[in-house]
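Written out below as structure tokens is the structure these notes cover.
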Amino acid sequence: MATERYDAPAREKHWQQVWNEKGTFRTKDIRTKDKSGKPKRYQLEMFPYPSGRVHMGHVRNYTLGDVMARYMRAKGFNVLHPMGWDAFGLPAENAAIERKVHPRKWTYENIDTMRSQLKAMGLSIDWEREFATCDPAYYVHQQRLFLDFLKKKVDGEPLAYRKTAKVNWDPVENTVLANEQVIDGRGWRSGAVVEQRDLTQWFFRITAYAEDLLQALDKLQPTWPDFVCTQQRNWIGKSTGANMRFALEGRKLPKKLQALEVFTTRHDTIFGASFMAISAEHPLAAHLAQKNEELAAFIVECRKIGTTEEALAKAEKKGWDTGIVAVHPFRPDVKLPVYVANFIVMGYGTGAIFGCPAHDQRDLDFARKYGRPVVPVVLPPGADAATFNIGSEAYVGEGTLINSEFLDGLMIEAAKDKMASLLEDRGIGERKVNYRMRDWLLSRQRYWGCPIPVIHCGTDGIVPVPVEDLPVKLPDDVTFDRPGNPLDYHPAWKHVTCPKCGGAAVRETDTMDTFVDSSWYQFRFTAPNAPTPTDKKALKYWAPVDQYIGGKEHAVLHLLYARFFTRGMKATKHVTFDEPFTSMFTQGIVVHETYRSENGDWLTPAEITIEGDGINRKATSITTGRPVEIGAIEKMSKSRKNVVDPDDIIASYGADTARLFIVSDSPPDRDIIWTDGGVAGASRQVQRIWRIIDQVVERNGKRNSKSPSFGPEALALRRAAHKTLNGVGQNIEALRYNVAVAQIYELTHALSGAMDKSGEGLDWAIREAGEFLVQAIGPMMPHLAEECWARLGYNTLLAEQPWPAVEPGLLVDDTVTIAVQVNGKRRDEMTVARSAGSGEIETAALRLEAVVRALEGRPVKKVIVVPQRIVNVVV
RNA sequence: GCGGACGUGGUGGAACCGGUAGACACACAGGACUUAAAAUCCUGAGACGGCGACGUCGUGAGGGUUCGAGUCCCUCCGUCCGCACCA
């Protein structure tokens with residue numbers, strides 16, 4: 001019996017079945033059934049897109065979350081740990097086009113596959129709360145939220161609204177493309193040159209919360225990764241400055257265009273202004289272009305470089321002199337020529353600037369090219385006003401104002417303040433805060449998404465679909481045999497009667513961006529069957545999510561959208577708080593070596609064998625026997641073929657091995673290199689623990705009896721066991737799983753070391769340490785833990801056991817080993833009683849032979865004693 | 001260009017508040033068991049010098065603060081990520 005190998009794949013199926021039958025991980029409905037009075041813990045990982053099969057990134061994500069969920073359950077929390085599917089999206093439509101399979105069928109087949117794969121991982125998930133966002137039972141509530149956002153006004157404007165926006169239009173596919181579908185200015189599928197078209201689109205007014213989303217980051221910072229907070233701050237892009245208006249001269253202009261408004265953060269430098277520049281899309285440019293073909297051509301040219309970002313950043317600054325001039329507001333005799341310039345973006349500020357070349361690099365480049373004057377108005381500290389000159393680099397640092405009349409001598413901030421007040425007094429400008437973030441464009445001209453529940457009526461305009469008519473369901477009978485949005489050319493679906501006047505009307509055929517689906521799913525899990533989007537009681541108990549875990553790639557969009565949506569749902573009375581995720585953790589990716597055959601084809605790890613090690617490692621193709629080049633370690637991807645299928649690992653080694661590999665060695669937030677060697681190592685550990693527990697059982701210690709007195713061996717083992725359990729718990733809570741695993745290994749060493757000893761109370765201690773070991777591995781290797789628990793003679797489930805209480809007295813040793821330094825250099829160490837005082841330690845240290853030798857007879861100047869830590873003898 | 005993160009043995013990594021750098025693991029070497037191998041167990045190991053006790057050096061580089069720095073401060077180098085003409 002003792003030498004039997006643990007058959008992980010078989011036993012794992014068994015325990016999964018037991019958990020399933022007993023409903024071990026089913027979370028009780030808080031509204032009716034749970035009366036436990038336990039504190040709650042909501043553990044959530046980003047739900048997957050059902051792309052087809054589970055990949056290692058999923059395995060990592062859900063393992064990390066499951067360890068936390070299982071640990072918290074053992075710690076006495078009432079845990080909510082749900083799973084669902086981010087099921088709308090473009091790949092389903094691509095599959096429909098390429099393989100003639102309906103998006104719904106494709107999606108649900110993938111969900112079935114992936115659900116069974118996730119179940120094989122042994123995740124402690126309440127599968128009864130599962131939902132897919134493509135289910136009308138889910139999106140009906142999303143449509144309701146949309147209608148509430150449509151109605152709700154924040155600062156006088158509705159949260160959902162329509163306006164025209166530029167979209168990427170593929171003239172061959174006859175459809176709108178997402179930015180990532182535009183490659184080098186061409187449609188990814190058709191290869192046609194993409195046009196910019198104006199379409200009326202739906203938006204969420206996320207900018208209404210720009211300031212709040214920014215401010216609240218300070219409160220999230222301690223429990224969110226720094227980089228996520230900084231990226232969100234940059235994305236929101238707050239800048240404080242002023243709007244100012246310039247009178248225009250030189251041509252007859254319509255009233256609206258007679259003044260040019262600019263946004264600036266450097267209103268202090270107005271006396272250094274030497275030109276004005278407006279965007280090619282500015283109304284003034286459009287107006288002038290009507291009667292000027294040359295300008296019209298220039299505008300078209302500007303628009304072209306707008307498609308590739310790389311070119312955009314490097315493109316040479318170009319301008320077109322309109323012949324119009326702006327009057328300097330403080331020096332009426334100074335006229336500033338107005339250019340249409342390719343580096344001014346319409347979407348930011350007012351789409352127009354005044355150029356101050358001395359203190360802005362872009363303006364300087366432009367001024368040098370078009371021969372505009374460069375007058376410094378800020379003098380760096382210590383520089384001489386008479387000789388200070390701008391060369392090829394603009395001065396953007398601190399300093400005092402010069403050449404600026406009434407601003408002279410002021411520091412930049414003071415000058416800005418004075419200038420802003422002056423603008424306001426004169427009525428030609430005002431203080432202004434600008435944000436880079438734009439409103440969230442949620443319209444998608446796609447079939448496989450949540451329909452936007454409005455109706456367009458010739459007489460009543462935009463009419464919301466009445467709540468009782470929801471959901472607006474997607475029609476099933478659609479075809480993908482021609483380009484464009486199937487909803488648009490469906491023969492019947494969009495034709496309806498107007499809910500207001502009863503006349504003929506048409507449905508909105510746009511569907512929602514799938515980021516909408518994932519912006520509130522975390523709340524739906526708290527009451528997945530509620531008749532309203534959220535259930536007050538359930539939400540009050542469970543929300544917000546205590547620990548959210550997911551990929552770094554969602555640092556901005558998904559997390560920012562979810563934060564906005566929570567605010568919107570608060571404004572519409574669906575939730576009572578602002579932030580959806582109390583604590584956020586971003587995991588690293590799974591990477592693997594790449595392999596290429598002689599003719600450059602990528603090969604999968606399964607198609608090759610490797611021999612040797614270090615620089616002698618050689619890879620060979622299994623099918624051809626030819627040498628294979630071992631390439632860089634990269635993110636697992638289908639295109640590089642460096643993928644390992646989780647199913648293969650689970651089938652041959654078991655889920656616990658995969659889970660252990662995921663959590664050992666690499667810190668969860670860093671990238672993890674998947675290697676065969678590492679998997680084999682994890683598998684060995686699984687077997688080692690199984691054997692140790694077997695030995696523990698053979699040893700036949702009893703723990704149910706009263707604790708005996710303990711000899712030194714037993715005491716040492718008990719200390720190790722209690723320290724381990726304590727450390728493992730702390731490290732799991734801090735998501736430092738790799739350190740927790742290392743501590744578990746230390747306990748296995750202590751246990752196997754004690755196994756061939758004997759001593760007073762040792763059998764008892766071995767039994768205790770064995771049980772602690774099983775408890776400690778529970779969150780990470782739950783199947784093995786159940787198997788060991790049963791082997792220890794229990795007929796209960798380990799998953800239902802509380803985390804054992806540690807005895808505080810066993811966490812500290814009676815004696816401590818402290819280092820002894822001479823002049824900061826370690827010379828020896830000594831073991832003293834923990835309670836030893838400074839004087840005692842000092843005398844003992846000075847007596848040490850190594851210390852005496854190092855002193856070389858020199859007089860001791862000072863002795864620094866830090867009890868329990870270190871002694872430093874200074875000479 | 002701007003912003004962020006990181007840099008520790010052959011490798012992944014550990015080191016709470018500044019207090020014995022290298023826990024734990026992988027790979028490696030030696031040994032035990034075996035006819036042999038696999039599996040398993042034990043031992044060794046940062047580098048350099050020395051038979052040895054031991055000594056010197058050592059956390060990307062340089063400087064600083066301190067009795068004491070992987071940890072704090074400054075400068076530089078490198079890697080990765082995000083944003084990218086944002087006025």
Side-chain angles (χ1 to χ4, degrees), chain A residues 3 5 225-235 237-239 241 262-267 269 277 279 305 309-310 312-317 341-356 359-363 365-366 434-437 552-553 555-556 613-615 617 661 664-667 669-673 675 677-682 684-685 687-688 691 727 730-731 734 736 738-746 748-749 752 756 817-830 850 853 861-866 868-875:
Chain A
T3 51
R5 273 181 75 81
D226 284 350
F227 85 97
V228 175
C229 295
T230 32
Q231 280 183 26
Q232 293 206 357
R233 277 192 196 98
N234 293 343
W235 184 264
K238 179 179 182 176
S239 54
V262 305
F263 172 71
T264 177
T265 56
R266 293 303 301 273
H267 33 299
T269 65
S279 164
I305 50 168
E309 282 176 6
E310 201 68 26
L312 197 90
K314 286 173 191 151
E316 197 189 353
K317 295 191 175 27
N342 64 351
F343 67 101
I344 309 299
V345 291
M346 190 59 214
Y348 187 77
T350 61
I353 61 146
F354 76 75
C356 177
H359 306 291
D360 184 291
Q361 191 59 46
R362 296 157 301 178
D363 296 351
D365 294 345
F366 190 85
N434 236 313
Y435 299 92
R436 183 166 21 204
M437 181 171 66
K552 294 182 164 129
E553 67 277 18
V556 179
D613 56 77
I615 48 165
R617 280 177 88 238
F661 179 90
S664 37
D665 292 341
S666 289
D669 58 335
R670 289 209 210 162
D671 293 351
I672 185 172
I673 306 172
T675 61
V679 175
R684 272 200 298 276
Q685 294 294 346
Q687 296 296 339
R688 195 168 294 158
R691 275 195 307 274
Q730 285 176 358
N731 282 311
R736 293 146 44 87
N738 54 321
V739 187
V741 171
Q743 289 177 317
I744 288 171
Y745 290 161
E746 284 184 88
T748 63
H749 291 165
S752 54
D756 47 14
T817 304
I818 63 177
V820 182
Q821 300 179 331
V822 175
N823 277 349
K825 222 171 237 173
R826 181 186 166 278
R827 292 296 166 181
D828 203 355
E829 58 181 34
M830 59 182 191
R853 198 179 333 124
K861 206 193 270 173
K862 196 157 78 167
V863 180
I864 289 153
V865 180
V866 184
Q868 297 172 33
R869 291 217 173 268
I870 206 163
V871 185
N872 192 6
V873 182
V874 187
V875 295

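Bear in mind the structure is a predicted one, so any value in this text is a computation, not a measurement. Every chain is numbered from 1, with letters handed out A, B, ... down the list of sequences.
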- [ ] Go through the structure and list residues passing side-chain contact (heavy atoms from CB on, under 4.5 Å) with A:V556, not counting sequence neighbours.
- [x] A:Q231, A:W235, A:L560
- [ ] For RNA chain B, just give me the dot-bracket, please: Watson-Crick or G-U, both distances below 3.5 Å, ( ) intra-strand, [ ] crossing earlier pairs, | paired with another strand, . unpaired.
- [x] (((((((..(((......[....))).(((((.......))))).((((....))))..(((((..]....))))))))))))....
Task: Heavy-atom protein contacts under 4.0 Å, nucleotides 65-73 of chain B, coded B base, S sugar-phosphate only, - none - done: --BS-----
Task: A:R826 side chain near B:C57 phosphate (N/O to OP1/OP2, under 4.0 Å) - done: no
TODO: Could you tell me which non-hydrogen atom of A:K552 sits nearest to which non-hydrogen atom of A:D669, and how far apart they are?
DONE: NZ-O, 2.5 Å
Open item on the list: Syn or anti for B:G9, given that syn means the glycosidic angle lies within 90° of 0?
Closed with: syn
TODO: Taking only the side-chain heavy atoms of A:A742 (C-beta and beyond), determine which of B:C24, B:A14, B:C86 contains the nearest atom.
DONE: B:C24
TODO: Tell me whether the OP1 or OP2 atom of B:C24 has a side-chain N or O from A:S664 closer than 4.0 Å.
DONE: no
TODO: Using the test salt bridge (charged side-chain N to carboxylate O under 4.0 Å, His left out), find all partners of A:R736 that sit at least two apart in sequence or belong to another chain.
DONE: none
Check: protein-nucleotides 44-48 of chain B nitrogen or oxygen pairs below 3.5 Å:
none

Open item on the list: For B:C81, does the O4'-C1'-N9-C4 or O4'-C1'-N1-C2 angle fall within 90° of 0, making it syn, or is it anti?
Closed with: anti
Open item on the list: Between A:R736 and B:A15, is there a contact of a side-chain N or O with OP1 or OP2 at under 4.0 Å?
Closed with: yes
Task: A:H749 vs B:C41: side-chain N/O to OP1/OP2 distance below 4.0 Å - done: no
Which atoms of nucleotides 6-12 of chain B (N or O only) lie under 3.5 Å from a protein N or O atom, and what are those distances?
from	atom 1	to	atom 2	distance (Å)
B:G12	O2'	A:S666	OG	3.3
B:G12	N2	A:D665	OD1	2.6

